[in-house]
Amino acid sequence: MTPLRTVGRGLVAAGTLALVVGCGSLPTMPGPMPTDVVPSSVAVPSPATTGTGNLSPDGFDAARRMTVRIRNVGCSSLSTGSGFALDSTTLLTNRHVVADSADLQISTYDGRDVAVTAATTAALADLAIVRTAEPLPAAPVLADADPVTGDAVTVVGYPLGGQLTVTSGHVIGETTDPLNENFGEVLVTDAAVEPGSSGSAALDSAGRVVGVVYAKNTTGQSFILPVSTLRTLLADETGFTPSPSCTK
């Protein structure tokens, strides 16, 4: 997503890495976590699609069909993000992608606009569930287990609010969530993401969802919430509440 929010400094393995929520930049801890969200310009050239990653042609086609572009029209800003279908009328994205919205606009890979009926967000993790009035083209399979260090991942989304883009990388480790140390472990990958990639699915070589992108750091490494966490949170409907919005 294009909004940038500053957070603290996290440790991955032996190195200290500055993190970026929604692909932004952050100051050094300690200090209270800011709540402001600053949109970056949406007038950015669209990146080119980078092949099919480690997916088969069929796997790429399924990933393309399940991925959506999200435009968050706020009272004083416009920002973009990505998301992916969970079922025919439900999609998953990041909390910061849908927050403070006056109008959420969803479009599919073939340019079809899909009306939103509701959006809810998780209190604990940077996740949101969006309900749609019309069927989404396709939904993926959630993997049974988290990937491990060395496993290949493919990230599919709409960085910079542009065209569908595929980037590949590998899981390079795990770390305590740098945004919420009480949350648990998240995965660190070397798959490149950009503003607008927030909410993208991370897929294994079989096209199954192994996590969702929610942040990056200043050295280009990306952070994903693992599929085991997704399953746990999605199983608890009480963990999601109506998304905060603004009034035009």
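Sequence positions, counted from 1, serve as the residue numbers for this chain. Computed from heavy atoms alone, side chains included, the values below leave out hydrogens, waters and symmetry copies.
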Do [X] and [Y] meet the criterion of a side-chain donor-acceptor pair at a distance under 3.5 Å?
| X | Y | answer |
| --- | --- | --- |
| Ser243 | Thr121 | no |
| Thr90 | Arg131 | yes |
| Ser168 | Asn54 | no |
| Asp58 | Ser56 | no |

Would you give the length of the straight line joining atom OG of Ser245 to atom CG of Asp100, rounded to the nearest 0.5 angstrom?
-> 8.0 Å

Does Leu234 reach the side chain of Leu92, with side-chain heavy atoms less than 4.5 Å apart?
-> yes

Taking C-beta and beyond as the side chain, do Val209 and Leu203 meet within less than 4.5 Å on heavy atoms?
-> yes

Quick one: which of Arg65, Gln163, Arg64, Arg69 gives a side-chain hydrogen bond (donor to acceptor under 3.5 Å, both in side chains) with Tyr109?
-> Arg65

Under a 3.5 Å distance rule, please check whether [X] uses its side chain to pair with a backbone N or O of [Y] as donor and acceptor.
| X | Y | result |
| --- | --- | --- |
| Asp126 | Arg95 | yes |
| Asn94 | His96 | no |
| Asp151 | Val171 | no |

From Val227, Thr93, Val155, Leu230, residue fulfilling side-chain contact (heavy atoms from CB on, under 4.5 Å) relative to Val212 | Leu230

From CA spacing to verdict: side-chain hydrogen bond (donor to acceptor under 3.5 Å, both in side chains), Glu185, Thr175 | CA-CA 5 Å; Glu185 296 296 299; Thr175 186; 5.5 Å; no

